[in-house]
Undergrad: 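Got a structure for you, written out below as structure tokens; questions coming shortly.
Residues: numbered from 1 along the sequence shown. Indexing begins at 1, ligand by ligand and atom by atom, following the structure's order.
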Amino acid sequence: HEADAYRTDLMTITRYVLNEQSRNPEARGDLTILLSHIVLGCKFVASAVNKAGLAKLIGLAGETNVQAKEQKKLDVLSNEVFVKALVSSGRTCVLVSEEDEEATFVEPALRGKYCVCFDPLDGSSNIDCGVSIGTIFGIYMIKDKENVTLEDVLQPGKNMVAAGYCMYGSSCTLVLSTGNGVNGFTLDPSLGEFILTHPDIKIPNKGKIYSVNEGNAKNWDEPTAKFVEKCKFPKDGSSPKSLRYIGSMVADVHRTLLYGGVFLYPADKKSPNGKLRVLYEVFPMSFLMEQAGGQSFTGKQRALDLIPTKIHERSPIFLGSYEDVEEIKGLYAEQAK
Ligand code: P6P
């Protein structure tokens with residue numbers, strides 16, 4: 001009857017988060033409530049993304065769709081959903097969204113002790129061709145929620161209490177860490193529940209895949225160029241690595257987490273700080289990689305040690321299998337000599 005037992009003992013994300021809460025005797029359940037609101041946002045976005053192709057939800061804001069209704073771009077819609085879900089949770093005091101130039105300070109009546117930095121729909125330029133996109137989020141505790149300022153948001157990534165992403169693709173997968181390892185949950189649309197499908201994810205220590213936009217090769221610095229050259233023409237007689245680049249960070253990072261290898265978005269002459277944003281792309285993905293036994297490097301330091309000075313600051317990023325990132329760190333150390 002083992003099979004039956006498995007089918008009836010469903011580990012949902014709600015149950016998992018409650019189990020985590022019970023590990024901290026002093027926890028009052030605020031993070032559990034916050035995460036349940038994020039999960040609700042992800043379910044809504046999953047349904048909107050899946051309908052997008054049909055209801056012609058895609059397209060630029062301002063266009064009208066078949067019902068001649070005011071057109072809202074999916075990332076604008078997703079941002080509104082997450083801001084409303086987070087504020088109504090009563091557990092946040094400041095929000096940073098990729099979609100909003102300024103941080104959102106929650107009104108006192110609804111203020112809670114957490115700050116959430118998120119990209120509501122990362123990779124949204126890929127929606128129209130059906131490539132997987134995703135929501136990325138990182139959660140911090142705020143010292144004094146009554147007097148929260150922007151300084152409270154500009155913390156190093158190592159202070160995060162939780163981080164995760166939800167990938168909207170062939171299936172809807174939410175990958176989460178609350179500081180005690182990484183777990184993956186897949187949405188069962190018939191139940192409307194995220195079910196634990198990838199328990200305790202650990203990234204392989206070394207991988208056979210490198211993931212970078214080779215189109216930027218002309219502008220790379222020496223260590224990045226050397227690393228990619230070694231991937232393609234290994235000197236030690238090993239076989240060359242495979243290049244896999246989807247161009248949607250959530251999809252490229254998810255593959256890296258499960259299969260191993262390294263994802264790079266280096267600095268280049270055009271963008272000296274790279275392209276990816278510190279607070280809601282680099283930090284959450286770096287937190288997950290470390291929790292899964294990998295690591296994440298900016299070209300100068302451990303990514304989670306970086307202290308951002310602006311909420312939309314960018315940073316170069318090299319993240320993935322521990323050994324692969326070590327190799328890149330060695331090449332940057334040589335350059336620094
Ligand atoms: P490029 C998508 O636009 C995004 O923000 C990330 O999801 C992705 O990793 C990156 O940009 C792709 O950038 O310059 O290679 O197209």
Undergrad: Evaluate the side-chain proximity of Tyr114 to Leu86: yes if any heavy-atom separation is below 4.5 Å, no if none is.
TA: no
Undergrad: Within a 6.0 Å radius of atom NZ on Lys329, are there more than 12 heavy atoms belonging to other residues, nucleotides or ligands?
TA: yes
Undergrad: For Phe82 and Phe118, take the angle between the two ring planes, folded into 0 to 90°, and tell me which bin it lands in: parallel under 30, tilted 30 to 60, perpendicular over 60.
TA: tilted
Undergrad: Would you tabulate the polar-atom pairs, meaning N/O of ligand 1 against N/O of the protein, with distances under 3.5 Å, reported to 0.1 Å?
TA:
unit_1	atom_1	unit_2	atom_2	d
ligand 1	7 (O)	Asp122	OD2	2.5
ligand 1	7 (O)	Met249	N	2.8
ligand 1	9 (O)	Met249	N	3.3
ligand 1	11 (O)	Lys275	NZ	3.0
ligand 1	13 (O)	Lys275	NZ	3.0
ligand 1	14 (O)	Tyr265	OH	2.6
ligand 1	15 (O)	Asn213	ND2	2.9
ligand 1	15 (O)	Tyr245	OH	2.6

Undergrad: Tell me the salt bridge (charged side-chain N to carboxylate O under 4.0 Å, His left out) pairs involving residues 255-268, sequence neighbours left out?
TA: Asp252-Arg255
Undergrad: Would Asp221 and Tyr332 count as having a side-chain donor-acceptor pair, cut-off 3.5 Å?
TA: yes
Undergrad: Between Ser78 and Leu74, is there a donor-acceptor pair closer than 3.5 Å when you use the side chain of the first and the backbone of the second?
TA: yes
